[in-house]
Structure formats: structure tokens, C-alpha cells
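Quick notes on the structure that follows.
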Amino acid sequence: SKGTVTIEDNNLVFTPNANFYGTTTINFKIIDEFGYEVINNFNVTVNSVNDVPVLKSKMPSFTASVDDYFVYDFSYHFSDIENDTLSYELSMKDNSILPSWINLNSSTGKISGIPSSANISNLDLELKIIDKNNGFMIQNINIDVIVTQITYGTDKDDLLRFQYEPEGLDNNIINALGGNDTIYTY
């Protein structure tokens, strides 16, 4: 079956199945109150409509570290039933100016950049995914820009100190490398 036919207010209504387009034949029989019947058919043509892109896999949470190269390819998460080539646009959810460190390749869906300490924040973004017929979907994205402090030791006995800053310093890494090390925060 390519769809269903119902009678609504003395009209035949054809509802095509999802993603069906093309021509189908509707066969019908009418019987009046005297038992006379007429059997006939007619063709219905359903034109193709554009399906918007869809999310095919869950988006992860994103964390970008200050002074580290951040890159992610969003294209893996979206598809289009008609296999249209997709393009991408990125904006701040509140319509403010997109931080200058963020670069988006609109053809590939790849985002990249290096945030600075001036960019420490939680970014609420909207990614617009567009097909060739201008059908689109919006996906909300969040990038948490943080400072990562890396403290290195040696293979000797070291006294390692790092500054603990609760505001924006969420991802401390201590790489002691061996020895009998003592670690302090201040």
C-alpha cells in the first residue's frame, strides 16, 4: 500500500505513506440505495517534498581548553533522507557576536579554533544544518571554555605546587613522572 483512502464529508481523501511520492491508482466502488453499483478508478500523483536534515546520533558535551587547539566535525551527527549535501551555520543562541576564536567550515561542518583566557565562559550556540533545498534544523550546542593547568615533575623527588583557582580552572593535570613527589595547592 502506498497510502490510505478515507471518506470525509463525501470526499475521498488520500493520505500517502511517509516519504512516498509518485503515482498510485485508487480503485473504488459506489453502491446507491437501489443496489446499483459503479466500479471505477483514478490516478493520484503525489509530489516529492523536501525532508529536512535530521540528527542521527546524540551530540556530546564539549569542553575547550584555553590555548589548546579545539576541533570537532559536526557532520557525523546529521543526515538527510534525500542524501542532499548539507551546509552549516553557527551563531550564539542569544544572537550576540560569535567569539572570534571559533571558525566553522560551512561546507564540512568542522569547527576549530584556539580560545584564549579572555574566552573563558560557557557558550550556548545554535548550529543550523541546511540541505540544498533550504530545509533546515537547529541543534543547540554548548562549549565550556576552561583553563587547564598542567604541572610537570621529574623522575626525581619533587615538590609540585599549582595554583587552585575555582573560577574557570576546572581541569588540573599533574604529571609527576616518578620519584617520591609531594603535591601542594595554593
Test item: [X] side-chain N/O and [Y] main-chain N/O as donor-acceptor pair under 3.5 Å:
X: D9; Y: N11; value: no
X: H77; Y: L55; value: no
X: D131; Y: N133; value: yes
X: N17; Y: F20; value: no

Distance-only side-chain donor-acceptor flag, N142 / N122, under 3.5 Å
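Looking only at side-chain atoms, N122 and N142 do form a donor-acceptor pair, the distance falling under 3.5 Å.
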What's the shortest heavy-atom distance between [X] and [Y], and which atoms?
X: V145; Y: P115; result: CG1-CB, 3.7 Å
X: D80; Y: E82; result: OD2-OE1, 2.8 Å
X: V44; Y: F42; result: CG2-CE1, 3.5 Å

Could you grab the distance from atom OG of S121 to atom CD1 of I146, nearest 0.5 Å is fine?
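Between S121 OG and I146 CD1, I get 12.0 Å after rounding to 0.5 Å.
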Which distance, rounded to the nearest 0.5 Å, do you find between the CZ of F78 and the CE of M137?
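Going from the CZ atom of F78 to the CE atom of M137 covers 5.0 Å.
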Sub-4.5 Å side-chain heavy-atom contact between I143 and F70
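Yes; the side chains approach each other to less than 4.5 Å.
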Would you say that N19 contacts D51 through its side chain, given a criterion of any heavy-atom pair below 4.5 Å between the two side chains?
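Yes, their side chains come closer than 4.5 Å.
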Please list every donor-acceptor pair under 3.5 Å in which a side-chain atom of residues 89-103 meets a protein atom from a residue at least two apart or in another chain.
from: D94; atom 1: OD1; to: S96; atom 2: N; distance (Å): 2.9
from: D94; atom 1: OD1; to: S96; atom 2: OG; distance (Å): 2.6

Has Y69 got more than 12 heavy atoms of other residues, nucleotides or ligands less than 6.0 Å from its OH?
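Above 12, so yes.
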Just jot down the side chain to side chain contact (heavy atoms under 4.5 Å, CB included) partners of S61, sequence neighbours excluded, or say none.
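Per chain and number, S61 pairs via side chain to side chain contact (heavy atoms under 4.5 Å, CB included) with no residue.
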